[in-house]
Asker: 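Pasting a structure here, questions to come.
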Amino acid sequence: MNPSCGRCGTVVYPTEKVNCLDKYWHKGCFSCEICKMTLNMKNYKGFEKRPYCNAHYPKTNFTCVADTPENLRLKQQSKMQSQVQYKEEFEKNKGKGFSAVADTPEMQRIKKTQDHISNIKYHEEFEKNRMGGEIPSPQPNSPNPVFQQQLPHQPPAASKNYNYEPAAAPGPVRQAAAAPPPSSGKRYQAVYDYAAADEDEVGFLEGDVIVDAQVIDEGWMYGRVERTGQQGMLPANYVEAI
């Protein structure tokens, strides 16, 4: 049985048959879909099982290709594979906590900076408490509260001081001993600023070099600030050996 033509639909006999694009055509029917120019097996271009000449061949683009059922199927398959890989990575790292993030160089730098800030704040609070305590709040049942508003004709008592000075904690008493001989040769560098609170202490700035330093007791040492030439007692936790 002879097949029918792919364009006109009539019977195609073997003498005029053209087999192309999975169809059979009359030689005269095998022409361009746009300009109807007769084509042959050498100059035709097929698109969606239709013959076209070189001038009218459809220009494909990304949008047309992406909207085909095959590309939509590949897109959905890639999306499913990505979800499966994400779940596998999630289950693999589940229970490990944040060690993978904490071990990055950036997180290590942030952690070191936070530790440094916390150390500075600790020393500030330590010096504030060492210099003087907080003013105690008045008791509501006190018969003569010291924070009552004074009358206009009563001048404030200048001789009274209501600042509470806490007693020193029991422990080794820092002695204002004479300067030790500068023969030890130990050198330290200040990591924080320090203002002298007593006459036998010495103040310094961050980065100053302390020479001829010698540990007196726990938490205190004696030394000379190389920049100013002053010497006296200084807190040992404000400097580090160099």
Side-chain angles (χ1 to χ4, degrees), residues 97-99 101-140 142 144-150 154-242:
F98 298 94
S99 59
V101 178
D103 292 339
T104 59
E106 181 65 18
M107 294 301 296
Q108 290 180 358
R109 184 186 65 80
I110 294 176
K111 181 179 179 182
K112 186 175 180 181
T113 303
Q114 291 177 347
D115 293 341
H116 185 68
I117 294 175
S118 300
N119 195 13
I120 293 176
K121 187 174 182 181
Y122 166 77
H123 286 292
E124 289 179 353
E125 294 293 335
F126 174 77
E127 289 300 321
K128 184 186 296 184
N129 295 331
R130 194 173 69 86
M131 296 296 295
E134 300 286 343
I135 298 177
S137 58
Q139 300 295 331
S142 176
N144 186 20
V146 296
F147 292 96
Q148 289 289 345
Q149 185 178 5
Q150 297 179 350
Q154 293 180 349
S159 60
K160 293 184 178 180
N161 183 13
Y162 297 106
N163 289 335
Y164 172 72
E165 296 292 340
V173 180
R174 179 172 58 82
Q175 300 293 336
S183 59
S184 58
K186 292 184 179 180
R187 296 167 61 87
Y188 292 81
Q189 186 175 15
V191 294
Y192 308 104
D193 297 345
Y194 179 73
D198 297 329
E199 296 179 356
D200 60 340
E201 296 181 5
V202 62
F204 48 83
L205 300 177
E206 181 180 355
D208 283 350
V209 177
I210 312 301
V211 297
D212 301 330
Q214 182 176 349
V215 177
I216 301 301
D217 57 6
E218 184 178 1
W220 290 91
M221 63 170 54
Y222 190 96
R224 177 171 57 88
V225 182
E226 190 177 47
R227 179 177 58 86
T228 61
Q230 297 179 351
Q231 57 185 2
M233 303 293 293
L234 56 114
N237 56 353
Y238 274 57
V239 298
E240 62 181 4
I242 57 176

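As the structure is a computational prediction, the values presented were derived from the model and not from experiment.
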Asker: Can you find a pair of side-chain heavy atoms, one from Val191 and one from Val239, that are under 4.5 Å apart?
Answerer: no
Asker: Rounded to the nearest 0.5 Å, how far does OH of Tyr188 lie from CD1 of Ile242?
Answerer: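 Answer rounded to 0.5 Å: 10.0 Å.
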Asker: Indicate the atoms forming the closest heavy-atom contact of Val215 with Met221, along with that distance.
Answerer: CA-CB, 3.8 Å
Asker: Are the side chains of Met233 and Tyr222 in contact, using a 4.5 Å heavy-atom criterion?
Answerer: yes
Asker: Say you draw a straight line from CG of Leu234 to CG of Asp200; how long is it, rounded to the nearest 0.5 Å?
Answerer: 10.5 Å
Asker: Can you name the nearest heavy-atom pair linking Ala196 to Gly203, along with the distance?
Answerer: CB-N, 3.8 Å
Asker: Go through the structure and list residues passing salt bridge (charged side-chain N to carboxylate O under 4.0 Å, His left out) with Glu124, not counting sequence neighbours.
Answerer: none
Asker: Under 4.5 Å between any side-chain heavy atoms of Leu205 and Arg227, yes or no?
Answerer: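 Side-chain contact under 4.5 Å: yes.
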Asker: Tell me every residue that passes side-chain contact (heavy atoms from CB on, under 4.5 Å) with Thr113, counting only those two or more places apart in sequence or in another chain.
Answerer: Arg109, Ile117
Asker: What distance separates Asp208 CG from Gln230 CD, expressed to the nearest 0.5 Å?
Answerer: 10.5 Å
Asker: Quick one: pull up CG in Asp212 and CD in Glu226 and give me the separation to the nearest 0.5 Å.
Answerer: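 Asp212 CG to Glu226 CD: 9.5 Å, rounded to 0.5 Å.
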Asker: CD1 of Ile210 to CD of Gln231: how many Å apart, nearest 0.5 Å?
Answerer: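 Atom-to-atom, Ile210:CD1 and Gln231:CD are 11.5 Å apart.
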Asker: Considering only residues two or more places apart or on different chains, which pairs with a residue in residues 199-218 satisfy ring pair (Phe, Tyr, Trp, His ring centres under 6.0 Å)?
Answerer: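 Ring pair (Phe, Tyr, Trp, His ring centres under 6.0 Å) check on residues 199-218 returns Tyr194-Phe204.
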